[in-house]
**Student:** 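Please read through the structure below; I'll follow up with questions.
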Protein chains: 2
Amino acid sequence: MKWKELEEEPCSMARTIGVIGDRWTLLILRECFLRTRRFEGFQSALGITRHLLAERLKKLVRQGILRRIPYQESPKRHEYILTQKGLDLYPIMMAIVHWGDTHMVDERGRPLLHQHRKCGKDFDPVMVCSECGEPLSAKEVHTHPGPGARSLPEKSAPAAASETRKTKTRSRAA
Amino acid sequence: MKWKELEEEPCSMARTIGVIGDRWTLLILRECFLRTRRFEGFQSALGITRHLLAERLKKLVRQGILRRIPYQESPKRHEYILTQKGLDLYPIMMAIVHWGDTHMVDERGRPLLHQHRKCGKDFDPVMVCSECGEPLSAKEVHTHPGPGARSLPEKSAPAAASETRKTKTRSRAA
DNA sequence: ATTTGACAGTTCTATTTTAGAACTGTAGGT
DNA sequence: ACCTACAGTTCTAAAATAGAACTGTCAAAT
């Protein structure tokens, strides 16, 4: 499976990964959410090679996640700002940060805190069900094919470890 | 910046990306959440090369995201199941899937639907504030240094495109 | 008794990506 | 005239990934 094929898979996750699923892209987006907008800003904050940075920015622009807008003429200079599509990545970023805060911090604690302007408090992001508002966990979710499915078998979210099963887990195209 | 350095950055996002921030790892985890547990299952579902699959599974086990447990003796066989740390990745997975559902589906609609067992309905995941319960958006969040920070400057989440600023966005170590 | 197939890897080479550094080109300041 | 800021582009070397074949155990089939 190549990068291009990923974006054509009948799976929203595969498609999304095809767009943002590499190390640098995610870090570039982190910078975007931290208000970095310019080439040099990204480069010096991340230590990414200029070559890759240029390529990733182009890709993000192509994907409609960033917009490249001029901020001065002669020499022409642009900044990269998040589109709505890009801003919609926020829950992904927050989910990633929150997992890291929970499982990857050292003794010193969290590097960053997040304050919710509306209520004024430092918070954690919580993922809830759009229908009933209850927090979600993997075990309470049942996955089933939607209209865009391509012969995907019905499966449930995993439970805790069970003993030996003879189940054959083999199905979707290679 | 190499993979190893990533995990030592004073940023929960960088650390998390160091663990799960590559194409295949994320797809392997998708399979885990879809109940795949065995080597052949992952391999045939994803089309990943066996070499990489073996390596990624080892890494996930080392990181405590999967546990490798025997399901038969002679020949010794193991399955890979999500630990609690792994199950906690669920919000990340859901956030990724939801963004894809919103921005990457074709005419046919979503490949997969998610049903919440508690309320019985197909739902979307929504990220809310742990303190006030309101849905979160990037603009309403203010980021500031926590105890584990290392000279990270204070920054806010980005607003919509503004006009030319002379701001220098240059700060964190390269 | 020998062959075949399931399973879970490992090993090899070829290709693709990424790292690292230097170079291009406009323009402002000194 | 020279230096710096900025936003890239162009190289070569190193690392990661793809693709295919190989190893080894055991059960079932012939």
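Everything numeric in this text was worked out from a predicted model, so none of it was measured. Labels below follow one simple rule: chain letters A, B, ... track the order of the sequence lines, proteins then strands, and each chain is numbered from 1.
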**Student:** For Thr16(B), give me all partners under side-chain hydrogen bond (donor to acceptor under 3.5 Å, both in side chains), at least two apart in sequence or on another chain.
**Tutor:**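 Not a single residue meets the side-chain hydrogen bond (donor to acceptor under 3.5 Å, both in side chains) criterion with Thr16(B).
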
**Student:** Using links of under 4.5 Å between side-chain heavy atoms of ILVMFWY residues, direct or through other members, which residues join Val105(B) in one cluster?
**Tutor:**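 Other cluster members: none.
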
**Student:** Show every donor-acceptor pair shorter than 3.5 Å between a side-chain atom in residues 128-136 of chain A and any protein atom, with sequence neighbours excluded, or say none if there are none.
**Tutor:**
unit_1: Ser130(A); atom_1: OG; unit_2: Asp124(B); atom_2: N; d: 2.8
unit_1: Ser130(A); atom_1: OG; unit_2: Asp124(B); atom_2: O; d: 3.1

**Student:** It should be established whether Arg23(A) places a side-chain nitrogen or oxygen under 4.0 Å from OP1 or OP2 of nucleotide dA16(D).
**Tutor:**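 For dA16(D), neither OP1 nor OP2 has a side-chain N or O of Arg23(A) closer than 4.0 Å.
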
**Student:** Please enumerate all residues that pass side-chain hydrogen bond (donor to acceptor under 3.5 Å, both in side chains) together with Arg50(B), with sequence neighbours excluded.
**Tutor:**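 For Arg50(B) the side-chain hydrogen bond (donor to acceptor under 3.5 Å, both in side chains) partners, ignoring immediate neighbours, are Glu40(B).
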
**Student:** In the hydrophobic clustering that connects Ile, Leu, Val, Met, Phe, Trp and Tyr at side-chain heavy-atom distances below 4.5 Å, which members other than Leu113(A) occupy its cluster, ordered by chain and number?
**Tutor:**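 Grouped by the 4.5 Å side-chain rule, Leu113(A) forms a cluster of one, so the answer is none.
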
**Student:** Could you tell me which residues satisfy side-chain hydrogen bond (donor to acceptor under 3.5 Å, both in side chains) with Gln84(B), sequence neighbours excluded, listed by chain and number?
**Tutor:**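 With neighbours one apart ignored, the set is Asp88(B).
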
**Student:** So, is Arg56(B) close to the dT17(D) phosphate, meaning a side-chain N or O under 4.0 Å from OP1 or OP2?
**Tutor:**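 Affirmative; the distance criterion is met.
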
**Student:** By salt bridge (charged side-chain N to carboxylate O under 4.0 Å, His left out), which residues pair with Glu107(B), not counting sequence neighbours?
**Tutor:**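 Glu107(B): no salt bridge (charged side-chain N to carboxylate O under 4.0 Å, His left out) contacts found.
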
**Student:** So which protein nitrogen or oxygen atoms get under 3.5 Å of nucleotides 24-28 of chain D's nitrogens or oxygens?
**Tutor:**
unit_1: dG24(D); atom_1: N2; unit_2: Arg77(B); atom_2: NH2; d: 3.4

**Student:** Which label fits His142(B) and His144(B): parallel for a plane angle under 30°, tilted from 30 to 60°, or perpendicular past 60°?
**Tutor:**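 Parallel.
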
**Student:** Might you list the N or O atoms of the protein lying below 3.5 Å from N or O atoms in nucleotides 9-12 of chain D, with each pair's distance?
**Tutor:**
unit_1: dT9(D); atom_1: OP2; unit_2: Lys58(A); atom_2: NZ; d: 3.3

